[in-house]
Every structure is written in structure tokens, then in C-alpha cells.
Amino acid sequence: MFPSAFSYVAPNTLDETYELLEQYGDDAKVLAGGQSLLPMMKLRLAAPGMLVDIGQVPHLATQHESPDALRIGALTRHAILDSKQFDRYPLLSQTAPWIADPLVRNRGTMGGSLAHADPAADWGATLLALKASVQLASHERQRLVALHDFFVDVYTTALEPQELLTEIIVPAPLADSLVFGHYFKLERKVGDFAVVGVAVTASLTDDGTVSEAGIGLAAMGSIPLAAKKAAALLIGHRLTPELIKEVAQVAAQEGDPQSDRRGSEEYKRSMVRVYVQRGLAQIHQEWQVANQSIA
Amino acid sequence: MEHRNANESSLVTVVINGETRQAMTEPRTLLAYFIRENLGMTGTHVGCDTTSCGACTVLMDGVPVKSCTVLAVQADHHALMTVEGLESIGGLHPLQQAFWDNHGLQCGFCTPGMLMTSTALLRDHPEPTETEVRHAISGNLCRCTGYVNIVKAIVNASQKMASEPAEV
Ligand SMILES: Cc1cc2nc3c(=O)[nH]c(=O)nc-3n(C[C@H](O)[C@H](O)[C@H](O)COP(=O)(O)OP(=O)(O)OC[C@H]3O[C@@H](n4cnc5c(N)ncnc54)[C@H](O)[C@@H]3O)c2cc1C
Ligand code: FES
Ligand code: FES
């Protein structure tokens, strides 16, 4: 199989990239890892006239950690986050190994995954739980968009044709808390997209009070979602079994999953409940262990 | 800035298995087809052609990738390694020998991909556990063996390579 004909250009700088996107507009597509775009082009579901390969633009694949945020270059491959640990962002390395398979992870990028906006994508759920933002840039402007506003619909984002997603910005957890994170994915076999995916993260203070929390859901609607109501219930409270149960139930009611070959709506909601409960219980346990070793 | 026009062939240069090779091709040519048809090296297989099976796995700058999902023009001036690069004048690579010894193949269609993925695995983790092997090859599908003998072969090769380090 091969795609329909296209021209190919590999800019060496961001400025050249912006110029090309400006010039070719709707007819151009950015090529990052190619792990979603090339399969779609081979199936002729996409037929851009021009591919702008950003693989040679420097500094797009870096990660910078500062006291207030982790800035992840859009071209950071999934495999990097599978092998590199960022201690204050445990959810990232918990999620990476669940994405596709090792070969796809060697090419696919975080920016590409977000720009592709598959509602079942794993980074979407995780980065929503972490309250991340994306930096969108063009010749004319730079704008920081909260991920929550970035996803618009299935395969549709706030990106304009002339814009490039350059960075993902994950805010740092509170300094006085311990941060935990877990990713759960129900898949039919290794490498599949999620039937449902659930990202759970929480920061706990010395006495076990939740100071920050996030829950992200994959494949539970037309876009990756944050279970905001459920996460809000956690703030200011300790992780008691009763609270965990209530939060899991609320999370299962957020989102709008469709019954399909992968499972019924009811099944998907049930699995969200199970995973949220499991994630919070694990976090509570880990906090107890960490707290004992400190005391 | 590199610019190539649609429907026009342009030169792609790769260093494949240590040898510099060039051919003219269109931007839409996928690397797997470039290797097979333009360079005439048919060891790399095309199985699903939809990024699922890993039969087309080659090493690009040492990293295992599905060559049916990389453009040939993206590999321009990059280093590639295919299954043809494993065998040396002395004979089979220890991994190839271990696949033979352990019945790690039946029809052999998945084997080139399995070998390239495990080559990279053993380079980075010379003594992998069985779990690590299974995790590493989870992007390579085999319809024949049930994987047991493939995993055995890779573990076996790692032990052999540790006891008699080769120059590869
Ligand atoms: C077999 C298989 C299984 C998979 N399983 C999973 C899975 O389980 N979970 C999961 O989350 N994903 C999965 N994926 C998708 C994979 O994670 C892709 O890598 C990812 O969706 C796209 O990233 P990419 O870098 O390859 O982007 P590309 O394919 O290069 O691009 C995708 C889209 O995003 C646009 N784009 C890319 N980068 C930018 C940018 N910086 N700025 C603006 N636009 C941009 C492109 O123009 C294109 O429209 C799977 C893919 C395959 C082939
Ligand atoms: S042929 Fe490339 S993954 Fe199957
Ligand atoms: S040996 Fe036949 S597919 Fe693996």
C-alpha cells in the first residue's frame, strides 16, 4: 500500500516550518512520528498535498524540568517517557508503556498523539489528569491553550492549519505533598487502543489530606476527558474507603461512552469505577508506606 | 531545507548494513518497499502493511521501527540495519543460530522482524529476563510458533553471547 502522491519538505528551523504552514495552509500536514498519519494516508483516509516533516527541527524533542513545570517538546517520542523517569511526574512513565507497542513507541510522539486527538489515546487522559497545557505557535502568534480547551471533537483540536504544537507544559505538583499516579487500561490485546483508559493522580500532605487530584478518561466520549466532578470531591479530604467508593462512582457517570464492539456503555462505566477505585486505593497504600518510612 | 516534489523521484542515500547505497524514489515510497524494491534486499518482509505485525522491522539509527510506516525520504542519510546485516563471514549471528537451534520459527515470515527487534534488545539489555523479552517483542506478531520457542531462542542467544562475546 502507498499513499497518494504528495510533496515532501523537511524544514531546519521553526521559522521555516511556520512559513511553510502559512504558505500551504490546509493542503499541508505536519509529519511527526508518522504513526497515525502514514497509516491513514496509506488507507487513503488522508491525502495531504504536502508533508512538512518536523524531524529535523532542533530542540523540539527536549524535556526541561523547572521548579514550576515540566516542559515536554512536542517531538518527544513515547519511548523516551517509557525509559526516562521524572520523579515528580510518576503518571507519565506509568502511562507510556501502555501506548501501542514498543516499535510504534520508538517513532510516535506526544505532540502527534495530542494533535491527532483520538478519543481513546492514552496521553490525552493522562495529560488532562495532570492539568497540562499546550503551546501552539505560528508566524503570527504564540498561544498557551489548556488541554481541556484543546480537544474539540473526534480527531479535531483547536490547532489552526498554520499552527504547530511545540510544547506540552505540565504544572509541577505542590512542593509540600507527595505525588502519586497510576494508569489503567483495558485492552483486548497488547498494542490496542483502549476499551477504556483511566489516569489517576493525587498529591497527599503529611497527614494524608489530598491537596491536588486529577482523573483522566480515555475512550469515554468523543474527546479525552477529565472527570472533574469526581476529582474535586477528593480535595481537602483523606482517602477513606467510603470516599474512594463515592469518587469512583461519580467518575463512572462522567463522560458519554458509546456501546460498540469493544463493550457496552454499562461495561465501560463499570470499568472506570473499578479502575478509579483501584488507583485511589493504591495511592493510599503507597502514601502509607512512604509515610511510615519517613516517620 | 530539503524539498521533494510529488510524483518526482529524487535521490535517497542510506548506509545499510554498513554499505552506502543510493536510489531514486518518490516521496510516497515507504522504507520497506525502498529496501525491497529499490535496493533489492528482500530479507525485510511486508506482512500486514498496516503498522500492526512488525514483520517489516528494521533498525534505523539502531532503533527498531516498522519500515512500512516510515517514508524512504525520512531515512535519507540515516543508518539502517536489516536481517541481511546479521550474518557475518563466520556464519550465522548467535541470534539466528539460537532461532535455528530452538525452533524459533516455522514459516519464517515474522523472523526477520523478530531478529531485528531482539538484536536491539540484546544490545541494550544483554541479559534480559523472559518477561523483558516478551515485552520487547510485543510489537512483533507470529502466527505459527506461539512465541514460546522465540522467547527461548532469544534468552538462549543472550546466554551464548554473554559467554562468548562476539564482535557484532
Ligand atoms: C498499531 C498502532 C497502535 C497504536 N496504539 C495506540 C494506543 O494504544 N494508544 C495511543 O495513545 N496511541 C496509539 N497509537 C497511536 C500512536 O500513539 C501515534 O504515535 C500517535 O497517535 C501519533 O503520533 P505521531 O508522532 O506518530 O504523529 P503523526 O502520525 O506524525 O501525526 C498525527 C497527526 O498530528 C499532526 N501533528 C503531529 N505533530 C504535530 C505538531 N507538533 N503540531 C501540529 N500537528 C501535529 C499531524 O499533522 C497528523 O495530523 C497506535 C498507533 C499504531 C500504528
Ligand atoms: S508490515 Fe509493517 S507492521 Fe506489518
Ligand atoms: S514463524 Fe510463521 S509467523 Fe512466525
NE2 (H139(A)) with more than 12 external heavy atoms under 6.0 Å
yes
Passes side chain to side chain contact (heavy atoms under 4.5 Å, CB included), N12(A) versus E2(B)? Steps please.
CA-CA 8 Å; N12(A) 296 313; E2(B) 190 186 334; over 6 Å; no
Among T29(B), N7(B), V73(B), the residue with the most heavy-atom pairs under 4.5 Å to chain A is V73(B)
Partners passing side chain to side chain contact (heavy atoms under 4.5 Å, CB included) against D53(A) (at least two apart in sequence or in another chain)
Y8(A), A10(A), L31(A), Q74(B)
From OG (S52(B)) to NZ (K189(A)), nearest 0.5 Å:
6.5 Å
Let's test your reading of the structure: which of E8(B), M60(B), H135(B) forms the most heavy-atom pairs below 4.5 Å with chain A?
H135(B)
Answer yes or no: is there a donor N or O on one side and an acceptor on the other, between the side chain of N106(A) and the main chain of V63(B), under 3.5 Å?
no
Using non-hydrogen atoms and a 4.5 Å limit, figure out which bit of L37(A) sits close to chain B: side chain, backbone, both or neither.
neither
Taking the side chain as every heavy atom from C-beta outward, state whether P102(A) and S138(B) have any atom pair closer than 4.5 Å.
yes
Can you confirm whether H59(A) is buried at NE2, in the sense that more than 12 heavy atoms of other residues, nucleotides or ligands lie under 6.0 Å from that atom?
no
Residues pairing under salt bridge (charged side-chain N to carboxylate O under 4.0 Å, His left out) where one sits in residues 53-79 of chain B, two or more places apart or in two chains, turn out to be D101(A)-K66(B), R4(B)-D76(B)
Can you tell which part of M41(A) gets under 4.5 Å to a heavy atom of chain B, answering side chain, backbone, both or neither?
neither
Under 4.5 Å from any heavy atom of chain A, what part of T117(B) do you find: side chain, backbone, both or neither?
side chain
Out of curiosity, F2(A) CZ to D49(B) CG, how far, rounded to the nearest 0.5 Å?
10.5 Å
Can a donor-acceptor pair be found, under 3.5 Å and without considering hydrogens, that links the side chain of K42(A) to the backbone of T50(B)?
no
Please list all pairs meeting salt bridge (charged side-chain N to carboxylate O under 4.0 Å, His left out) that have one or both residues in residues 19-46 of chain B, counting only residues at least two apart or in different chains.
E26(B)-R28(B)
Short side-chain to backbone donor-acceptor contact, S7(A) and A6(B), under 3.5 Å:
yes
What part of V70(B) is in contact with chain A, defined as an atom under 4.5 angstrom from a non-hydrogen atom: side chain, backbone, both or neither?
both
With a 4.5 Å cut-off on heavy-atom pairs, point out which of N5(B), L30(B), T69(B) contacts chain A the most.
T69(B)
side-chain contact (heavy atoms from CB on, under 4.5 Å) test vs L103(A) passes for just one of V65(B), T57(B), I137(B), namely T57(B)
To the nearest 0.5 Å, what is the distance between OG1 on T51(B) and CG on L43(A)?
8.0 Å
Within the supplied structure, the quantity of interest is the number of heavy atoms (other residues, nucleotides, ligands) at a distance under 6.0 Å from Q22(B) CD; does it exceed 12?
yes
Just by distance, do the side chain of E16(A) and the backbone of M1(B) share a donor-acceptor pair under 3.5 Å?
no
Top residue by heavy-atom pair count (under 4.5 Å) with chain B, among L38(A), V104(A), L20(A)?
L38(A)
Which bit of A136(B) comes within less than 4.5 Å of chain A, counting heavy atoms only: side chain, backbone, both or neither?
backbone
Heavy-atom contacts under 4.5 Å, residues 118-131 of chain B to chain A:
none
